[in-house]
Amino acid sequence: MKYLSIAAGTSAGALLLAAFLNCSRHELKGPDTSLSLDPVQGREEAQMASAPEVPPPIARSHATRVILDVEVREHTRTLADGVTYTYWSFGDESPGKFIRVREGDLIETHLHNHPDNTLAHNIDFHGATGPGGGGEASFVAPGHSTTFTWRALRPGLYLYHCVAAPAGLHIANGMYGLILVEPKQGLPKVDKEYFIVQGEFYTEGKFGEKGPQQFSMAKALREEPEYVVFNGRVGSLMGKNALKVNVGESARIYLGNAGPSLVSSFHVVGEIFDSVYAEGGILPNQHHVQTTVVPVGGSAMVEFTVEVPGDYQFVDHSMFRAFNKGAMGALKAEGRDNLLIYSGKTAEEIYRPATRLEQLAKTADAPSGPLSDTELLEKGAHVYSTLCVTCHQAEGQGTPGTFPPLAGSDFLMADKERSIRVLLNGLKGEITVNGAVYRGAMPKFPLNDAQIASALTFVRNSFGNKGEPVRVEEVERVRKAEDAPAPKLAVRAARPAPERIRHKARK
Amino acid sequence: MKEWFASAGVCAFLALGPASERELARGPVLVRSSSAERETASTGQSAAMLLIPAGTYEPFFKRAGAPVRVKEFLLDQAPATRSEFREFVEHRPRWRRSAVTTLFAEAQYLADWNGDVDPGPTRLQAPVTFVSWFAAKAYCEYRGKRLPTVIEWERAAGGSAAGESGSPFQFAMGHAAPELAPGLAFGAVWEWTHDFNSVLVAGGSDDGPASSQFCGDGFRARDAKNYAGFLRYSFRSSLKAGYALKNLGFRCAKDAAS
């Protein structure tokens, strides 16, 4: 609202606003609720393709009677390496084939329940309008077929699934697929099309447990699948089964989520969707999308163009599903590198941040002349903040019972020379500070005379303390008297010179 | 198990008596395939039966008047076998593959048999399948028995099916409560029941409407976690009395008093 009122306040803004409203009117054009049915001309077999392939766009410009035959199977299939499961599926594999029809088509559906099957099944097309989406009309015993017709009234990408009781079980065993009702004008042309359906498996055995697996009622009720997979099994789109695109080609992926429990957050690692048709509607309603939600029992379409060659993984971004339950696939993009967009790795080197002592070395430079009070305080503050602060704390308050305070410390302020000796040699044994006894130990640090003089000057004039500065010469004198060796000063770690940027040729 | 199957098998080879005109007269719509073919009276031996004691049964679908009182009854220990069914069709020619009308058994009736009275050399003790409800009912009557009602069958076989443990498929085709009648065998095939489909039963269903194909059933069921029950009721409601399916057999029951 705020934006709008500001925009309206200027003539340029008013133009913008007008454009915005125009656009809105266009985008928010109401749905087609008409019932003007096109005449059905001729008949043809349904266009179908097995995962992950998608049949080509409909070339027809009229409605027809589409003959759709779907066979229900109950059979053992591979769920993961060494893991088998009794799938129920539309056709030979789960998910069922991708079916492509045109808006206005009359779909004559024949559902065949294989004689070897043990259960009654049916099919519910989310793209069909009528009770049960065909569930009741198609309900059929083993060894029997049913026929019903439905009109593809509304274009969009729809899930189909078995809805025989208990519906969750039929879906959890693999009975689902996708049907695209293409709008009359078609969808924008793209170079590559694929489809992916996400689904869950609730096995008695844990993920990866070898052998035939039984359905687990308990896990299903908790909605905690062992497997969350793309296109029916772990690895269906990995390795040699990866989806393939060429750099610069436009691609569209038709996504479905059969669930039956978990909403999917579909993401291609390293790619941005140019357009998303959220929830499988026919309007591209968003551009530049990183991750799109695919609801259970719903769909989405994503379009993108890969700019850079290489391997791209796609996941349900609920990452434990991707890593531990199978919700992962791969897209292989072939073509020429584009270094203006993405360089790939150009260098790798050792990374070692400076240690505290290396940082101290910055204050170790030998003074060219006597240090002024200000120089002593500045250098001292640096020494304190890199070294002393760890124990004596930011305000010099120390830690009661462990590290003695410097703020208001009688021990510190009483004897300058003793303080110099403590910094030269370290300190061991019992001391009393402001009436409290400390039995700790302070190590000897490799500080030069200027650093010691600075640190002491700083602490004697900080935290409310007020005292004479400590001069470098005083430290020199004590060091000689103590016969303490001058420290070996740490030097800054030598960093390797950055390598020249290498533009490695990509494979 | 083996013993009683074997004894039933022997019966099939006995020389049998003349046709019963009374039996033929009971099926006016049946077409006799051949005047030479003569039906015979049952001298066959009934399969072993177990007494299912009287008790109460909680119907799968919620309804008024539950739980239901179930009288004691006798139930075959196991489904009728191919061998036993051979004896039946030998004595009741109208139920042979070539003779039965499509009204009472669809085209795949006894589809896995070699011939009219020939189930083939193997699997004689396996449950007979590809039999219609009409044929199953006639078989039981031939044995002096009847098909169990849904409630009787569920009381005998649905006892342990509910709950969250295990897979529903282990129980879907029946799972006897061990304390009820030790020795009952279930689980090899689906089984016909007398009133599997309420449409067929005058006076209404024993256990709710025939349709069980939608999610809404979760609200109607007494225990929505009884997935084995859902599979069973769903399967039953997909049937028509003439259907003959590969995984569908039957067993017979009898009133305890008779």
Side-chain angles (χ1 to χ4, degrees), chain A residues 72 74 76 85-88 111 113-124 131-146 161-173 175 201-205 212-224 260 297, chain B residues 60-61 106-109 111-112 129-130 133 161-173 187-190 196-197 208-221 223-248:
Chain A
V72 178
E74 299 167 7
T76 300
Y85 189 79
T86 302
Y87 284 72
W88 305 346
L111 188 68
N113 194 346
H114 194 280
D116 289 346
N117 292 349
T118 56
L119 299 164
H121 296 285
N122 62 7
I123 192 164
D124 166 4
E136 187 172 5
S138 62
F139 187 60
V140 63
H144 284 253
S145 301
T146 46
H161 64 91
C162 181
V163 71
L169 179 58
H170 286 258
I171 295 168
N173 282 340
M175 294 193 77
F201 290 88
Y202 299 82
T203 54
E204 286 285 355
Q213 291 296 320
Q214 292 285 318
F215 171 81
S216 165
M217 188 71 210
K219 288 174 189 175
L221 287 171
R222 290 202 305 271
E223 302 185 6
E224 289 172 4
Chain B
F60 183 73
F61 291 113
E106 63 181 350
Q108 53 194 353
Y109 175 69
D112 59 346
T129 60
F130 287 113
W133 177 86
E164 295 181 34
S165 62
S167 158
F169 316 115
Q170 291 171 256
F171 306 116
M173 287 179 170
V189 289
W190 297 111
F196 71 96
N197 186 325
S211 163
S212 183
Q213 62 261 54
F214 298 114
C215 315
D217 284 339
F219 296 104
R220 295 197 295 121
D223 176 7
K225 292 177 183 173
N226 184 355
Y227 272 33
F230 278 114
L231 291 175
R232 204 153 55 233
Y233 278 86
S234 171
F235 176 78
R236 279 193 200 118
S237 65
S238 77
L239 300 176
K240 289 179 180 154
Y243 280 11
L245 309 183
K246 185 178 177 179
N247 292 305
L248 177 57

Colleague: Report the option among Cys162(A), Pro142(A), Gly143(A), Pro115(A) that has the most heavy-atom pairs separated by less than 4.5 Å from atoms of chain B.
Modeller: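 Ranked by contacts with chain B, first place is Pro142(A).
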Colleague: State, to 0.1 Å, how close Asn247(B) and Thr118(A) come at their nearest heavy-atom pair, and which atoms those are.
Modeller: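 Scanning both residues, the minimum pair turns out to be ND2-CG2, 3.7 Å.
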Colleague: Does a side-chain heavy-atom distance below 4.5 Å link Glu106(B) with His144(A)?
Modeller: yes
Colleague: So which heavy atom on Ala120(A) is nearest to which on Ser234(B), and how close?
Modeller: CB-O, 3.8 Å
Colleague: Using a 4.5 angstrom heavy-atom cutoff, name the option from Asp124(A), Thr86(A), Asn117(A), Asp116(A) with the most pairs to chain B.
Modeller: Asp116(A)
Colleague: Does some side-chain heavy atom of Pro166(A) sit less than 4.5 Å from a side-chain heavy atom of Leu231(B)?
Modeller: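 Sidechains of Pro166(A) and Leu231(B): in contact.
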